[in-house]
Amino acid sequence: MSAPRFAVIVFPGSNCDKDLLWAIQTVVGVDAEFVRHDATSLKGFDAAMLPGGFSYGDYLRCGAIARFSPVMEEVHRFADEGKPVFGTCNGFQILCEAGLLPGALLKNTSLRFVCETAEVEVANNETRFTSHYEKDQRLRIPVAHAEGRYTVTDEELEELTANHQIAFRYAKGHNPNGSVDDIAGVTNKAGNVLGMMPHPERAVEALLGSADGLPFFSSLIASMTA
Amino acid sequence: MPTSSKNYKVTVYVTYKESVLDPQGQAVQGAITRMGYEGIDTVRIGKYFEITAHEVPGTPIEQTVDSICDKLLANPNMETYRYDIEEDAR
């Protein structure tokens, strides 16, 4: 396939869309474009990227209203067709609300908005999003959220573990939000949809504190061009 | 709206499932205890919706409310809901 083309979805209230576009287009150097929430086609794109922010003001529940945006039908199609779909922060919340990922993201146990550089570990480096990392590699990736406590039932957790769907965990003792099993990011069963609370797009330039997010993008691009 | 159709007042309550931790409820409970009230064991915070509706021929109001709750008002992963429907003499 020719050079991949990324769609960065912009919902009303997205605020990390420019970060994501910057990381993909300017830092990594791959074609990326904004696509509005009311677009009805993702024709010509190879991956759908859902940014962080406060879509629809976080009304009702984070991501609950964005999941009904017209473009989400196309995101569902991408997920069904095995194309990569990624959500960070609010994007992760939207993917959970949309049923593309299991579980839900609830208010942090601390009741505080956490804004810090999280200590994250690669729990599974055999996904299309993580293959350029070592297993258990320790990463420094920013988090910034108030509703990041990943919650699943005991049965779902067993299933996630058995299917190797847990891609990222917070390092022991560094869980910023009370997520079950220190989970920071999960994939769907097929492995083509990933959601995570940390922001890899904010960790692509060493000058700004960390470049630990770069292998995330290179893994994904390699998986699309192989 | 035809005047002959029934009007409804629907109230929906969405609460966390018992298994889900509610740190906001715990914070409120802590405040109540600090205020000196005795006998308050737990507080859980939920959501309350007031909806006005009218009869649509062929679609029972319960069916519509169930569907809205399942798809939007509650997240079945972590929440449950109940509702009351009253006929409204608007």
Side-chain angles (χ1 to χ4, degrees), chain A residues 55-69 72-73 76 90 92-114 145-160 175-183 186 188 195, chain B residues 8-35 37 40-53 56 59 61-85:
Chain A
S55 58
Y56 293 90
D58 278 353
Y59 298 161
L60 192 60
R61 294 178 308 277
C62 305
I65 299 178
R67 74 168 271 219
F68 293 106
S69 297
M72 287 303 291
E73 260 183 56
H76 275 276
N90 189 224
F92 185 14
Q93 294 164 339
I94 295 169
L95 292 176
C96 287
E97 280 285 342
L100 290 172
L101 291 172
L105 293 144
L106 304 183
K107 199 163 279 291
N108 300 342
T109 317
S110 66
L111 297 177
R112 288 168 189 274
F113 188 98
V114 290
H145 59 254
E147 284 89 3
R149 172 168 48 108
Y150 188 66
T151 305
V152 281
T153 62
D154 293 344
E155 300 79 58
E156 284 172 321
L157 180 59
E158 264 176 46
E159 207 175 305
L160 283 175
N175 186 334
N177 49 35
S179 286
V180 63
D181 200 27
D182 296 329
I183 290 173
V186 294
N188 64 345
Chain B
Y8 301 105
K9 208 173 123 190
V10 183
T11 49
V12 180
Y13 304 84
V14 175
T15 50
Y16 286 124
K17 287 180 183 170
E18 239 170 81
S19 57
V20 172
L21 178 74
D22 175 19
Q24 287 187 107
Q26 289 175 346
V28 172
Q29 190 207 346
I32 291 172
T33 305
R34 282 193 300 279
M35 288 160 77
Y37 292 102
I40 305 302
D41 296 323
T42 59
V43 177
R44 312 263 299 163
I45 296 179
K47 294 190 181 95
Y48 169 77
F49 302 81
E50 289 177 344
I51 301 170
T52 59
V56 175
T59 313
I61 181 74
E62 291 81 6
Q63 190 183 316
T64 306
V65 174
D66 267 323
S67 178
I68 293 169
C69 288
D70 286 331
K71 289 183 186 160
L72 181 63
L73 299 189
N75 179 336
N77 282 320
M78 57 187 188
E79 293 169 329
T80 55
Y81 62 86
R82 66 191 168 82
Y83 56 79
D84 299 320
I85 297 175

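In what follows, chains are A, B, ... by sequence order, proteins preceding strands, each numbered from 1.
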Interchain contact, Leu60(A) with chain B, by part (heavy-atom threshold 4.5 Å): both

Proximity breakdown for Asp154(A) and chain B, heavy-atom pairs closer than 4.5 Å: neither

A quick test of your reading: do over 12 heavy atoms of other residues, nucleotides or ligands sit less than 6.0 Å from [atom1] of [X]?
| X | atom1 | answer |
| --- | --- | --- |
| Tyr37(B) | OH | no |
| Arg44(B) | CZ | yes |
| Lys17(B) | NZ | yes |
| Glu62(B) | CD | yes |
| Lys9(B) | NZ | no |
| Tyr59(A) | OH | no |

Chain A contact via Glu79(B) - which portion, at a heavy-atom distance below 4.5 Å: side chain

Part of Val14(B) lying under 4.5 Å from any heavy atom of chain A: neither

Interatomic distance, Leu21(B) atom CG to Thr109(A) atom OG1 [nearest 0.5 angstrom]: 6.0 Å

Spacing of CE belonging to Met78(B) relative to CZ belonging to Arg149(A), to within rounding of 0.5 Å: 9.5 Å

Minimal non-hydrogen separation, Asn75(B) against Arg61(A), with atom names: CB-NE, 3.4 Å

Backbone of Leu72(B) reached by a side-chain donor or acceptor of Arg67(A) within 3.5 Å: no

Expected output: side-chain Asn77(B) to main-chain Gly103(A) donor-acceptor under 3.5 Å: yes

Pick from Leu106(A), Asn108(A), Val152(A) with the largest number of heavy-atom pairs that fall under 4.5 Å of chain B: Leu106(A)

